[in-house]
Amino acid sequence: MPELPEVETTRRGIEPGLRGQRIRAVHVHDRRLRWPVTPGLAAALRGQRVRAVQRRAKYLLLRLERGTLILHLGMSGNLRVLPRASPLLKHDHLELQLDSGLVLRLNDPRRFGSCLYTTDDPARHPLLRDLAPEPLEPGFDGAYLQRITRQRRVAIKLLLLNGRLVTGVGNIYASEALFRARIRPRRAARSLTAGECARLTTAIRRVLGAAIRVGGTTLRDYVGADGKAGYFRQRLYVYERAGLPCRRCRTPIRQITQGQRSTYYCPRCQA
DNA sequence: ACGCCCTCCTGTTGGC
DNA sequence: TGCCAACAGGAGGGCG
């Protein structure tokens, strides 16, 4: 579900309720996430204050006094800050109870999400250590994309989903960025010109930024920390628009499969 | 190293 | 209405 804009929206939504708060208790209702939640988690977190809520790629980092809680929402996860008395929903797998009387709840039907605790530098954690640069930070530009694509025969759309090369972009924004950059998703990565690399990095930055500004994209079940849907969906040019007229040229949008996942593009706008 | 395929899991949708 | 297959915002891991 959540790509960078949805994770960032979640971060902004939970931060006010978390920062500075002390964790009074941790309740784990179901340990079976992507990696089993360790039995010692509750004891490790109890009593610690939340110093900051950060994001790295699609991971959320709760910086505590003595360590970091690393959260990932997988395909179907969301985090909400609620009054403690709010009824527990199906698939609410864990919650942090705060001194304020509010709780942070993780709901994740598919359980592809994760919740890990480390007392080391989280940037050196095995799951974070090899991630590509942040796409909204200065290092992510045409020169970077050109450098990582030179020897790669993989389709550019699939390369955008490889978190060691590009982070934050998932299945929706990969198609959307390629449309905005006017590049066919099946093009071999190494065939992109310098100009196309520049266009594509710009398109990625713009589409992610625009999505963040409106709270992300809600297709089915994504909600931000306040329970509200994101409304970038109405600004999508191609994703889930197979057969519908291109919003730019009216040519029907095509849907293809790459790496067992759907890709959408306009056969006329994207050369 | 790279590229491809499979997997984890539940819920929804569409065809028959 | 029921049944069943296909598919869904991710990404680690294993294979050749």
Side-chain angles (χ1 to χ4, degrees), chain A residues 1-11 29-37 55-60 70-79 89-93 106-116 125-132 135 147-178 186-191 204 207-208 210-212 214-224 229-236 238-243 255-264:
Chain A
M1 149 206 7
E3 305 183 33
L4 185 149
E6 293 74 38
V7 177
E8 177 62 22
T9 298
T10 299
R11 189 196 70 75
H29 308 295
D30 194 337
R31 306 193 172 285
R32 300 172 300 163
L33 299 182
R34 178 71 165 84
W35 286 280
V37 177
R55 178 187 57 72
R56 170 74 176 105
K58 299 175 192 169
Y59 290 91
L60 284 168
I70 303 173
L71 296 165
H72 195 288
L73 301 177
M75 287 276 264
S76 58
N78 65 64
L79 285 167
L89 304 178
K90 191 174 185 184
H91 308 303
D92 277 346
H93 303 314
L106 172 69
N107 184 284
D108 184 3
R110 293 175 75 178
R111 288 189 274 114
F112 291 171
S114 42
C115 176
L116 304 146
H125 189 278
L127 292 176
L128 306 190
R129 152 183 88 190
D130 299 318
L131 289 173
R147 184 158 59 75
I148 63 167
T149 50
R150 284 315 79 189
Q151 298 300 106
R152 298 188 180 258
R153 319 174 90 96
V154 70
I156 184 62
K157 194 270 190 159
L158 291 174
L159 182 139
L160 295 182
L161 300 181
N162 180 343
R164 293 168 183 252
L165 300 173
V166 177
T167 61
V169 177
N171 210 39
I172 297 177
Y173 300 108
S175 284
E176 292 298 313
L178 287 165
R186 277 193 286 230
R187 291 268 304 281
R190 65 177 184 176
S191 77
I204 290 168
V207 74
L208 296 179
I212 290 170
V214 297
T217 301
T218 296
L219 294 177
R220 283 162 277 274
D221 49 9
Y222 169 78
V223 289
Y231 53 100
F232 194 71
R233 187 177 194 180
Q234 58 202 72
R235 311 256 288 265
L236 297 177
V238 291
Y239 191 83
E240 283 197 334
R241 298 196 70 245
Q255 176 176 8
I256 60 173
T257 298
Q258 295 181 283
Q260 292 101 243
R261 309 187 75 188
S262 289
T263 301
Y264 302 84

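Letters A, B, ... mirror the listed sequences (proteins, then strands); counts begin at 1.
Using a 4.0 Å heavy-atom cutoff across all strands shown, A:Gly163 reaches no nucleic acid atom at all. A:Arg111 comes within contact range of the sugar-phosphate backbone alone, with a heavy-atom separation under 4.0 Å but no base atom that close.
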Which is it for A:Arg235 and A:Glu176 under the salt bridge (charged side-chain N to carboxylate O under 4.0 Å, His left out) test, yes or no, and what are the steps along the way? CA-CA 10 Å; A:Arg235 311 256 288 265; A:Glu176 292 298 313; over 6 Å; no
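For B:dG11, the OP1/OP2 oxygens have a side-chain nitrogen or oxygen of A:Lys90 closer than 4.0 Å. Here A:His91 reaches the OP1 or OP2 of B:dG11: one of its side-chain N or O atoms lies under 4.0 Å away. Applying the 4.0 Å criterion to OP1 and OP2 of C:dG10, one finds that A:Ser76 has every side-chain N and O outside that range.
Residue A:Tyr264 places its side chain closer to C:dA8 than to any other of C:dA8, C:dG10, B:dG11. Closest to the A:Val154 side chain, of the nucleotides B:dG3, C:dG12, C:dA8, is B:dG3. Out of C:dG12, C:dG10, B:dC4, the shortest distance to the side chain of A:Trp35 is found at C:dG12.
Nucleotide C:dA11 holds its C1' atom 9 Å from the CZ atom of A:Arg261, rounded to whole Å. Between A:Leu127 atom CG and C:dG10 atom C1' there is a gap of 12 Å when expressed in whole angstrom units. Taking atom CD on A:Glu6 and atom C1' on C:dG10, their separation rounds to 12 Å, with Å as the unit. The separation between A:Leu131 atom CG and C:dA11 atom P is 8 Å, rounded to whole Å. Atom CZ in A:Arg32 sits about 14 Å away from atom P in B:dC8, given to the nearest Å. In this structure, the CG atom of A:Leu4 is 16 Å from the C1' atom of C:dA11, given to the nearest Å. Regarding A:Arg150, its CZ atom lies at a distance of 17 Å from the C1' atom of B:dA1, rounded to whole Å. Going from atom CZ of A:Arg233 over to atom C1' of C:dA8 covers 12 Å, rounded to whole Å.
Between A:Arg164 and A:Arg110, it is A:Arg110 whose nearest contact on DNA chain C lies nearer the 5' terminus. Looking at which nucleotide of DNA chain B each of A:Gly259 and A:Arg152 is closest to, the 5′-most match is held by A:Arg152. Remark on DNA chain C: of its neighbouring residues A:Thr257 and A:Tyr59, the 5'-side contact belongs to A:Thr257, judged by nearest-heavy-atom nucleotide. Both A:Gln151 and A:Arg220 lie close to DNA chain B; mapped to their nearest nucleotides by heavy-atom distance, the more 5′-ward contact belongs to A:Gln151.
A 6.0 Å sphere centred on CZ of A:Arg153 holds no more than 12 heavy atoms belonging to other residues, nucleotides or ligands. For A:Arg55, the CZ atom counts as densely surrounded, since its 6.0 Å shell holds more than 12 non-hydrogen atoms of other residues, nucleotides or ligands.
Rounded to the nearest 0.5 angstrom, A:Thr263 OG1 and A:Ile256 CD1 are separated by 5.0 Å. Taken to the nearest 0.5 Å, the CD atom of A:Glu240 stands 8.5 Å off from the CD atom of A:Gln255.
We find that the ring of A:Phe112 and the base of C:dA11 do not stack by the test of centres under 5.5 angstrom and planes tilted less than 30°.
Checking side-chain atoms of A:His93 against main-chain N and O of A:Asp108 turns up a donor-acceptor pair under 3.5 Å.
Across the strands present, B:dC9 finds no partner; the criterion is a Watson-Crick or G-U wobble pair with both atom distances under 3.5 angstrom.
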